Protein chains: 2
Amino acid sequence: MNASMTIGEAAAASGMAADNIRYYEKIGLLAKPSRTATGNYRTYTTAEVQRLSFIRRARELGFPIEQVREMLDLTRHHERDCARVDQLTHEHLQSIDRKIADLTALRHELEGMLTSCHGGTVRECRILGAIHPGSSN
Amino acid sequence: MNASMTIGEAAAASGMAADNIRYYEKIGLLAKPSRTATGNYRTYTTAEVQRLSFIRRARELGFPIEQVREMLDLTRHHERDCARVDQLTHEHLQSIDRKIADLTALRHELEGMLTSCHGGTVRECRILGAIHPGSSN
DNA sequence: CTTGACCTTGGAGCGACTTCAAGGTTTATA
DNA sequence: TATAAACCTTGAAGTCGCTCCAAGGTCAAG
């Protein structure tokens, strides 16, 4: 089998936009694929589509491109220790926890502003008052 | 008083970087300030610094620039109904809730991957396995 | 009078795409 | 067979909200 696909087919198979595949190729996250003789179209093997799916999944999990790049490198060296993957995942988890904490704090503040707002004119608005510094106006 | 400040002083007073003030002026979020005759330096009044502080605070609360722009417009029309401010805040709160939900789901997934990882080589890595599609490799 | 801290402008860089324009190729249909 | 629709190609610009830089002008302190 090892079906050879166009970029559109690879995009459909991996769940990634074709433009995005070209972008990943441009920044060197993907090797340059072979091309058709006649139309110079990119062609992708099932192995390359698996790589695409890996990237898409890692990005969905929020790993930055550079970490994805490192993980792709690691998958090419099966004998290496997976501690590095564990570490990357830990760091990523921590950054997500920080983001959640930040957003939760914001959430509380916004909610407090909303409940203190009882309508009326902009002049009386408690929300704008809460944002505005040292002024009830 | 109505002290006239340079951009650096206004930056210090509002807690916003000077580059940032120039940026907000460039995108039309701030009116062009008056300038000194001799050196063509921007000068800011206390009212303008209050505006800067408002912007900084709204941005800290995560409101996008365009919403900040709208709120600044509203503060110039005191007699208007503050329902629009309430609506903007509601929408913003909802988008924050969506982000928190997304990040929490990610968090769980990453945590599951971490607890399933028991070290070993990259070949055996459960984390990479969880990311990789249809392959135990 | 020099040093250093400030200010000016325009433009590039960041992350991770997304969209566009202007063409070439392939495939399906009439 | 002609042609139209659907695909592919490239390079460049736009998105968001800054952030940093270079090359120069200005100003206050010593």
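Keep in mind it's a predicted model, so treat the numbers as computed, not measured. Throughout, a chain's letter reflects where its sequence line sits, starting with A, and its residues are numbered from 1.
Whole-Å rounding puts the B:Glu60 CD to D:dG17 P distance at 15 Å. Protein atom CD1 of A:Ile65 is 13 Å distant from nucleotide atom C1' of C:dC14, rounded to whole Å. Atoms OH (B:Tyr41) and P (C:dA5) sit 14 Å apart, rounded to a whole Å. The CG-C1' distance, from A:Asp19 to D:dA12, rounds to 13 Å in whole Å. The distance between atom CD1 of A:Ile27 and atom P of C:dC14, rounded to the nearest whole Å, is 12 Å. Distance A:Met5 CE to D:dC7 C1': 16 Å, rounded to the nearest Å. Straight-line distance from the OH atom of A:Tyr23 to the C1' atom of D:dA12: 15 Å, rounded to whole Å. Rounding to whole angstrom units, NZ of residue B:Lys26 and C1' of D:dC20 are separated by 12 Å.
Residues A:Ala17 and A:Asn40 each lie close to DNA chain C; by heavy-atom proximity, the contact nearer the 5' end of the strand is made by A:Ala17. Heavy-atom nearest nucleotides on DNA chain D were determined for B:Phe63 and for A:Ala18, and the one closer to the 5' end corresponds to A:Ala18. Projected onto DNA chain D by closest heavy-atom contact, A:Gly8 and B:Asn20 fall at different nucleotides, the more 5' of which corresponds to A:Gly8.
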Review point. Run the side-chain contact (heavy atoms from CB on, under 4.5 Å) check on B:Tyr41 and B:Ile7 step by step: do they pass?
Key: CA-CA 8 Å; B:Tyr41 284 15; B:Ile7 198 170; over 6 Å; no

Exercise for review: For the pair B:Leu29 and B:Leu72, evaluate side-chain contact (heavy atoms from CB on, under 4.5 Å) and give the outcome as yes or no after the intermediate values.
Suggested key: CA-CA 9 Å; B:Leu29 192 61; B:Leu72 282 170; 4.0 Å; yes

Exercise for review: Take A:Glu111 and A:Leu114, measure what side-chain contact (heavy atoms from CB on, under 4.5 Å) needs, and give me the verdict at the end.
Suggested key: CA-CA 5 Å; A:Glu111 203 168 34; A:Leu114 274 177; 5.6 Å; no

Practice item. Show the numbers, then the answer: is there a side-chain contact (heavy atoms from CB on, under 4.5 Å) between A:Arg126 and A:Met113? Key: CA-CA 7 Å; A:Arg126 304 287 182 105; A:Met113 284 159 57; over 6 Å; no

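A:Ile7 comes within 4.0 angstrom of sugar-phosphate atoms only, judged by non-hydrogen atoms across all strands, and of no base.
The side chain of B:Arg22 contributes an N or O atom lying less than 4.0 Å from OP1 or OP2 of C:dT8. Distances shorter than 4.0 Å separate some side-chain N or O of A:Arg35 from OP1 or OP2 on D:dT9. Within the structure, every side-chain polar atom (N or O) of A:Thr6 is placed at least 4.0 Å from both OP1 and OP2 of D:dC7. A:Arg42 has no side-chain polar atom (N or O) that falls below the 4.0 Å cut-off from OP1 or OP2 of D:dC8.
Set against C:dC17, D:dC7, C:dA16, the side chain of A:Tyr24 has C:dC17 as its closest nucleotide. Here C:dT26 is the nucleotide among C:dT26, D:dC27, D:dC20 with the atom lying nearest to any side-chain atom of A:Thr38. The side chain of B:Arg59 lies closest to D:dC18, out of D:dT19, D:dC18, C:dT18.
Using modelled atom types and a 3.5 Å distance limit, the side chains of A:Ser14 and A:Ser53 yield no donor-acceptor pair.
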